[in-house]
Every structure is written in structure tokens, then in C-alpha cells.
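Written below as C-alpha cells is the structure these notes are about.
What you are looking at is a predicted structure, and each value in this text was computed from that prediction instead of being measured. Scope of the values below: all heavy atoms of this structure, side chains included, with no hydrogens, waters or symmetry mates.
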Amino acid sequence: MINQNIPKIYNHLLSVYGYQGWWPLVHTIDDPALRSLADGYHPGQYDFPRTDAQKLEICLGAILTQNTRWLNVVKCLSSLETSKLLSIDHLLESRPGQIALAIKSVGYYNQKAKYLKNFAVFLSDHPFSELEDLPSADCRRMILDIKGIGQETADCILLYALRKTSFVVDAYTRRIFSKFDIVEPDASYQKIKVLCESSLPDDLPMFQEFHALFVKHGKRFYSKKPHGAEDFLLTEHLFQRGPI
DNA sequence: AACCAGGACGTGA
DNA sequence: TCACGTCATGGT
């Protein structure tokens, strides 16, 4: 199953918003100029993450941002850094209660403290170097077995930390696609993922930009409680007439 | 002052 | 499988 509107939407959003430079590395980015320039974002540079610390920051951020504003996550990442908890070994040594103290501003802090620790335990058995060499599908199954990692979080980790072309579906993707009847409003995660992966070229930077652009555009026009504006950008672009 | 945010899990039908 | 309650802080 292929849908030609999907690459069309991608190209238009890219032309409107430009490169997003995801995943933001707020604390472990090693280039100070870049860090202050774009608040952790690194538009046009696709050789991140460069260190295991950066990979870990992406994974922890992906868990922390579940149903949570990114701004809150940034606060938590810095307090985790202050508490020396931005490391696998220190997470392993800490009790969930101690971790919870550092991530209070994110909400769900008791649950997520356990999730972070679960992930650290997993990484101590399967270091990044091992995961990166695994086929994407195998790696995905393993990550999904961790309690606290669902499909979206797993795909974020695969796409941004492990650099595997695994499509990320989020709430904005479902809302945007269902508005233009590309999928049903209640379509399954897997269905949307497969549709997108077969409608797009197998290209890592593109997948990374795609999700980032959908979040950017989704925040603007597709919040759950509509605050007025309709999505004129995509409606005009998709419904304009082609050449005669 | 309700309502939502870059979801996931446990439960019961 | 699926609909629904729960987890919880901070911004609008």
C-alpha cells in the first residue's frame, strides 16, 4: 500500500519549516557553538549522536517526553545531569525513588523513574555497539520488551539514537493523516507505520526530519483542543489543482 | 480553572 | 483485541 500524498506532505512541510535538526541534544552535545546556537538542535547535521552519552540522552529524553512537553523534559535532563544520573552505571546504582526526585517536573515521575532504570538495565546487557549491529526489526522487538517502552518510544530510540530508518508514528501523525483521509482516525500504529515506510524512500535523514516536522506542524494546528486556526498550509497544498 | 502535552501499562469485557 | 482508567507536573 502506497500513498503519494505522504511524500508530498513531507516536501511541503520541509519547504515551509526547513531542517529541524532532531533529536535535540540539550546537555551532552559536544559543540558549544552549535549548542548555544540552536538549543541542542543541529539542523542539517546528520552525524549525531557522536558519543554513547549522547545516545543515552536521546533514549532517556524519549522516555521522559511520553505525553509530556519537551520543556519539562529539558528541566529533568539538567537535574539528572546535576545528580550525576545521566549515566548507565549511576542509574543502575540508584533507587527509583532517587531518580524520581530528579525528574519531578516531567510528571508520571514514579513510573518513569522505573522506566529509566529498566532501560539502564537493558543497556548494561546490550550496549549501544551491540544494538547498532542488529537488524532493525530484531532490535525493535528487544526494546519493546522493556517495560516502559512502547512503539513510539522504541521507534524514536531506533531512529535517533541507533540511526535505523524506523518510522515514528505519534498523535500528530494520526491527526494529520486522518484529516486528509490518508488513514482512519483509529488506525493502528503498525498500519500507519507500514504505510509510511512503503510510501517513502529508505532514507535516514528524511525519516528523522519527517517526525520532527510533523511535531512542529502538529503543535501549530493539531492540538487536541483546537485553538482556532485551521491547517491552511496543507489543505491549500494538497487540494490545489495540478497541471491540466 | 479546566484542559492538554512529542504515551504506556493494567484491567476487564 | 479494545476501550477505559491511571499515572502527575507545568503551561495556557
Reckon [X] touches a base, only the sugar-phosphate, or nothing at all at heavy-atom distances under 4.0 Å?
X      : answer
A/K147 : sugar-phosphate
A/R175 : sugar-phosphate
A/I103 : nothing
A/Q111 : base
A/F214 : nothing
A/I149 : sugar-phosphate

Does the ring center of A/Y172 lie less than 6.0 Å from the ring center of A/H217?
no
Is the ring centre of A/H211 less than 6.0 Å from the ring centre of A/F207?
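Ring-ring flag for A/H211/A/F207: false, centres at least 6.0 Å apart.
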Determine the interatomic distance between C1' on C/dG10 and the same-named atom on B/dA1; round to the nearest Å.
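The answer is 14 Å between these two C1' atoms.
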Are [X] and [N] close enough that a side-chain N or O sits under 4.0 Å from OP1 or OP2?
X      : N      : answer
A/K75  : C/dG11 : yes
A/Y109 : C/dT9  : yes
A/N110 : C/dA8  : yes

Among the clusters formed by ILVMFWY side chains lying less than 4.5 Å apart, do [X] and [Y] turn up in the same one?
X      : Y      : result
A/V183 : A/I2   : no
A/L101 : A/L91  : no
A/Y115 : A/V121 : yes

Using whole Å, what does the distance between atom C1' of nucleotide C/dC2 and atom CG of A/D186 come to?
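My rounded result for the distance is 11 Å.
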Nearest whole angstrom, please: distance from the C1' of C/dA8 to the CG of A/L64.
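Distance check: A/L64 CG to C/dA8 C1' gives 13 Å.
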Does NZ or CZ of A/K104 come closer than 6.0 Å to the centre of the six-membered ring of A/Y109, within 45° of the ring's axis?
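Flagged: A/K104 positioned over aromatic ring of A/Y109.
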When you compare the side chains of A/H90 and A/S87, does any donor N or O come within less than 3.5 Å of an acceptor on the partner?
yes
First and last nucleotide of DNA chain B, 5' to 3', lying under 4.0 Å from heavy atoms of chain A
B/dC3 to B/dG10
